Engineer: 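First the structure, then my questions, so here it is.
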Number of protein chains: 2
Amino acid sequence: MSQNDSEHRLNSEQIDELFDRFISSNKLKHTAQRLKIVKRAFSMKKHFSADDLYHLLKREKTDVSKATIYRTLKLLVDANFLDELEIGTRQAKFYEPIHGREHHDHMICLKCGRIVEFTDQTIEKLQQQAAERNRFRVLSHSLKLFGLCASCNQ
Amino acid sequence: MSQNDSEHRLNSEQIDELFDRFISSNKLKHTAQRLKIVKRAFSMKKHFSADDLYHLLKREKTDVSKATIYRTLKLLVDANFLDELEIGTRQAKFYEPIHGREHHDHMICLKCGRIVEFTDQTIEKLQQQAAERNRFRVLSHSLKLFGLCASCNQ
DNA sequence: TTATTTGCAAATGTTTTGCACACAT
DNA sequence: ATGTGTGCAAAACATTTGCAAATAA
């Protein structure tokens, strides 16, 4: 893994700041539920699903309904605070804080589910060139490698 | 589009041959339903969903249940006769005949839904190298560019 | 005060599955 | 004869939505 997890985690103060930015930038209202969701989402050490978040909050006795979690996660993705990763059609989406990180792609271990991140500027460039050749305007992209991670591959 | 559709379509005789190969290679049984599904799937001019196939067959008075369509499509994908494309987690999967075509990636128009295919050997190579750097063994991959196709982008 | 937000339960949409019957080998 | 395959309806499952009650501004 090229990234150190803690390197990208925010402290409580930064999260409060981010929360305010999130709320005001979208003309939303401050609610206890949204604050709890944001606080928890931005302190996650790895990719998490809506359901993960739901159970974590429930365990911490700070219940928020699933509907609100889904609604808030969507807002956070639209506002570019969270990145959304789709592993497979029948599987729950995963989320991760963006927080100034550059775009990256994912390798997904089919055995243990581990998600390894990587970036390759040349690939990005070549994608863009392929798009231009087809007069296609890229708004977003997703590159996923499925296989076996180092430990699962012996 | 770099590919000519008709260039890759099979004639009736070739489909029969492919059907036999499909059945025998998997120790399956010849059934009217499977033949109908294979015939229709391999004469499709573009990507299709399970539901598309279901309605086409129904319209042609050759009813096959949805369950059987899903089961057969899965068999065809596993046997490497069809390629499966996931546009989004909550959307139906798309299928396309493989039939000797090389692997390709997709650009998906968010406005009209058009799917443009492309290949880039250098990208493939760089993906592999990125995987090796992480001692990750790639079994399959998916690269999708989302955006606006030439006509939708004016 | 009033437009948002929430929680609940019900709906959604695709795909899968249990089961009894039908059929290919 | 016997193991497969089929159709139906129900289940699965993540996510979305309608609605009435609660709450932020």
Side-chain angles (χ1 to χ4, degrees), chain A residues 16 19-41 47-58 61-79 82 84-95 108 113, chain B residues 16 19-41 47-58 61-79 82-95 113:
Chain A
D16 289 341
F19 179 61
D20 281 341
R21 195 148 42 89
F22 165 56
I23 294 300
S24 56
S25 73
N26 292 64
K27 287 169 192 133
L28 302 171
K29 296 188 172 175
H30 291 80
T31 68
Q33 290 90 329
R34 283 176 178 159
L35 181 57
K36 286 168 188 170
I37 292 169
V38 167
K39 273 204 187 312
R40 208 65 194 73
H47 300 75
F48 60 92
S49 66
D51 196 63
D52 290 340
L53 202 50
Y54 174 74
H55 288 295
L56 275 170
L57 289 174
K58 169 164 276 187
K61 312 270 183 234
T62 56
D63 272 37
V64 177
S65 74
K66 268 203 174 161
T68 296
I69 291 191
Y70 277 110
R71 286 187 277 232
T72 305
L73 287 178
K74 191 188 293 264
L75 287 171
L76 286 163
V77 169
D78 290 346
L82 287 183
E84 196 176 71
L85 170 63
E86 303 192 341
I87 297 282
T89 317
R90 293 300 124 214
Q91 283 154 76
K93 292 176 188 165
F94 282 110
Y95 299 87
I108 297 133
Chain B
D16 289 341
F19 179 63
D20 280 342
R21 196 149 40 91
F22 165 56
I23 295 299
S24 56
S25 74
N26 292 64
K27 288 170 190 132
L28 303 171
K29 295 188 174 178
H30 291 79
T31 69
Q33 290 90 332
R34 283 175 178 161
L35 181 57
K36 286 168 187 169
I37 292 169
V38 167
K39 274 204 188 312
R40 207 68 193 71
H47 301 76
F48 59 93
S49 67
D51 196 64
D52 290 339
L53 202 51
Y54 174 73
H55 288 295
L56 275 170
L57 289 174
K58 171 164 275 187
K61 314 271 184 228
T62 56
D63 272 36
V64 177
S65 74
K66 268 202 173 162
T68 295
I69 291 191
Y70 277 109
R71 286 188 276 233
T72 305
L73 287 177
K74 189 188 292 263
L75 286 172
L76 286 163
V77 169
D78 290 346
L82 288 184
D83 200 13
E84 197 176 71
L85 170 62
E86 302 193 343
I87 298 282
T89 319
R90 294 298 126 214
Q91 281 155 76
K93 291 176 189 164
F94 281 110
Y95 298 88

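Computed over heavy atoms, backbone and side chain alike; hydrogens, waters and symmetry mates excluded. A note on names: the letters A, B, ... follow the listed sequences, proteins ahead of strands, and every chain is numbered from 1. Values in this document were obtained by computation on a predicted structure and should not be read as measured data.
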Engineer: Please report, rounded to the nearest Å, how far the P atom of C/dG13 is from the OH atom of B/Tyr54.
Structural biologist: 16 Å
Engineer: In whole angstrom, give the distance that lies between atom CG of B/Leu85 and atom P of C/dT14.
Structural biologist: 16 Å
Engineer: With a 3.5 Å distance limit and no angle check, can you tell me whether B/Ser25 reaches the backbone of B/Phe22 through a side-chain donor-acceptor pair?
Structural biologist: yes
Engineer: Report the distance from atom CD1 of B/Ile37 to atom C1' of D/dG7, rounded to the nearest whole Å.
Structural biologist: 12 Å
Engineer: By salt bridge (Lys or Arg N to Asp or Glu O under 4.0 Å), which residues pair with B/Asp51, not counting sequence neighbours?
Structural biologist: B/Lys66
Engineer: Tell me, which pairs form a salt bridge (charged side-chain N to carboxylate O under 4.0 Å, His left out) where one or both residues lie in residues 19-28 of chain A, sequence neighbours left out?
Structural biologist: none
Engineer: Any side-chain heavy-atom pair from B/Phe19 and B/Lys39 closer than 4.5 angstrom?
Structural biologist: no
Engineer: Please check this pair: side chain of A/Arg34 against backbone of A/Thr72, looking for a donor-acceptor N/O pair closer than 3.5 Å.
Structural biologist: no
Engineer: Side-chain contact, heavy-atom cut-off 4.5 Å: B/Asp52 with B/Phe94?
Structural biologist: yes
Engineer: Taking CG from A/Leu73 and P from D/dA14, how many angstroms apart are they, rounded to a whole number?
Structural biologist: 15 Å
Engineer: So, taking the atom named OH in B/Tyr70 and the one named CG in B/Leu53, what distance separates them when rounded to the nearest 0.5 Å?
Structural biologist: 10.5 Å
Engineer: Give the rounded distance in Å between these two atoms: CZ of B/Phe19 and P of C/dA24.
Structural biologist: 11 Å
Engineer: Checking B/Ser65 now: which residues fulfil side-chain hydrogen bond (donor to acceptor under 3.5 Å, both in side chains) with it, not counting sequence neighbours?
Structural biologist: B/Thr68
Engineer: In B/S/- notation, 5' to 3', how is nucleotides 15-25 of chain D contacted by protein heavy atoms closer than 4.0 Å?
Structural biologist: BBBB-----BS
Engineer: Given atom CG of B/Leu57 and atom C1' of D/dT6, what is their separation to the nearest angstrom?
Structural biologist: 15 Å
Engineer: B/Asp52 has an atom CG; how far is it from atom P of C/dG13, in whole Å?
Structural biologist: 16 Å
Engineer: Please give the angle, rounded to 10 degrees, between the axes at the start and the end of the helix from C/dT1-D/dA25 to C/dT25-D/dA1, where five pairs define each axis.
Structural biologist: 30°
Engineer: Partners of B/Gln33 by side-chain hydrogen bond (donor to acceptor under 3.5 Å, both in side chains), sequence neighbours excluded?
Structural biologist: none
Engineer: So, is B/Ser65 near the phosphate of D/dT6, with a side-chain N or O under 4.0 Å from OP1 or OP2?
Structural biologist: no
Engineer: What's the CG-C1' distance between B/Leu75 and D/dT6, to the nearest Å?
Structural biologist: 13 Å
